[in-house]
Amino acid sequence: VQLQASGGGLAQAGGSLRLSCAASGGTFSTYSMGWFRQAPGKEREFVAGISSSGSNTYLEDFAKGRFIISRDSAKSTVYLQMNDLKPEDTAVYYCAADQPPLGSIVPVFASHYDYWGQGTLVTVSS
């Protein structure tokens with residue numbers, strides 16, 4: 001499966017951005033999807049994930065209450081709605097796909113994901 005992330009850009013603190021990740025070349029409904037981010041000089045970290053069935057989501061603590069992950073099977077696209085952005089959210093955001101054995105699983109480790117998009121840069125100014 002190929003993944004194309006988009007929607008990054010410059011936002012002010014307190015603002016919002018919506019990232020999109022379009023999947024192609026695979027059966028979207030069989031993939032759990034995740035968002036990761038990597039800030040300059042830091043390791044890649046998990047942000048949010050959604051199961052292939054869409055029934056389960058998991059957000060890292062820093063994302064809870066501010067970010068929402070969702071998926072649209074008709075468009076083979078996963079979204080990350082980011083609200084109340086903070087300067088520390090500045091990073092390159094990557095989407096990833098995995099095919100776990102159960103549709104309810106939300107992988108949270110980067111090593112679990114087999115497919116990655118190219119990344120989209122989010123910059124939050126104070």
Do you know the tightest heavy-atom contact between [X] and [Y]?
X: S126; Y: A13; value: CA-CB, 4.2 Å
X: R71; Y: S51; value: NH1-O, 2.8 Å
X: V1; Y: S24; value: CG2-O, 3.1 Å
X: Q81; Y: S16; value: NE2-CB, 3.9 Å
X: L85; Y: A11; value: CD1-CB, 3.8 Å
X: A74; Y: D72; value: N-OD1, 3.0 Å

Task: Expected output: side-chain S53 to main-chain G103 donor-acceptor under 3.5 Å - done: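 Present.
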
Is there side-chain contact between [X] and [Y], with at least one heavy-atom pair below 4.5 Å?
X: L3; Y: Y94; answer: no
X: L59; Y: R66; answer: no
X: Y31; Y: S52; answer: no
X: M82; Y: L19; answer: yes

Task: Single-linkage hydrophobic cluster Y58~F67, side-chain heavy atoms < 4.5 angstrom - done: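 Different clusters: Y58 never reaches F67 through Ile, Leu, Val, Met, Phe, Trp or Tyr contacts under 4.5 Å.
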
- [ ] Please answer: with hydrophobic residues joined when any side-chain heavy atoms are less than 4.5 Å apart, are I50 and V106 in the same cluster?
- [x]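 As far as the 4.5 Å side-chain criterion goes, V106 and I50 are not connected within one cluster.
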
Point-to-point distance, once rounded to the nearest 0.5 Å, from [atom1] of [X] to [atom2] of [Y]:
X: Q4; Y: T77; atom1: CD; atom2: OG1; result: 11.0 Å
X: L10; Y: L17; atom1: CG; atom2: CG; result: 8.5 Å
X: D98; Y: T30; atom1: CG; atom2: OG1; result: 9.5 Å
X: Q2; Y: Q118; atom1: CD; atom2: CD; result: 12.0 Å
X: H112; Y: S32; atom1: NE2; atom2: OG; result: 11.5 Å
X: E45; Y: Q38; atom1: CD; atom2: CD; result: 9.5 Å

Open item on the list: Between K64 and D61 (salt bridge meaning N to carboxylate O under 4.0 Å), is one present in this structure?
Closed with: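 D61 and K64: salt-bridged.
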
- [ ] For F36, check ring pair (Phe, Tyr, Trp, His ring centres under 6.0 Å) against everything at least two apart and list the hits.
- [x]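 Applying ring pair (Phe, Tyr, Trp, His ring centres under 6.0 Å) to F36 gives F46, Y113, W116.
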
Open item on the list: Are there over 12 heavy-atom neighbours, none belonging to Q12, within less than 6.0 Å of that residue's CD?
Closed with: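 Open.
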
TODO: Assess whether atom CZ of F62 is packed by more than 12 heavy atoms of other residues, nucleotides or ligands within 6.0 Å.
DONE: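 Atom CZ in F62 is packed in, count exceeds 12.
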
Open item on the list: Here's a test for you: under side-chain contact (heavy atoms from CB on, under 4.5 Å), which of Y79, F28, Y115 qualifies with M33?
Closed with: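 With M33 as partner, side-chain contact (heavy atoms from CB on, under 4.5 Å) holds for just one option, F28.
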
- [ ] Please name all residues satisfying salt bridge (Lys or Arg N to Asp or Glu O under 4.0 Å) with E60, sequence neighbours left out, ordered by chain then number.
- [x]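 Counting only residues at least two positions away or on another chain, E60 forms no salt bridge (Lys or Arg N to Asp or Glu O under 4.0 Å).
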
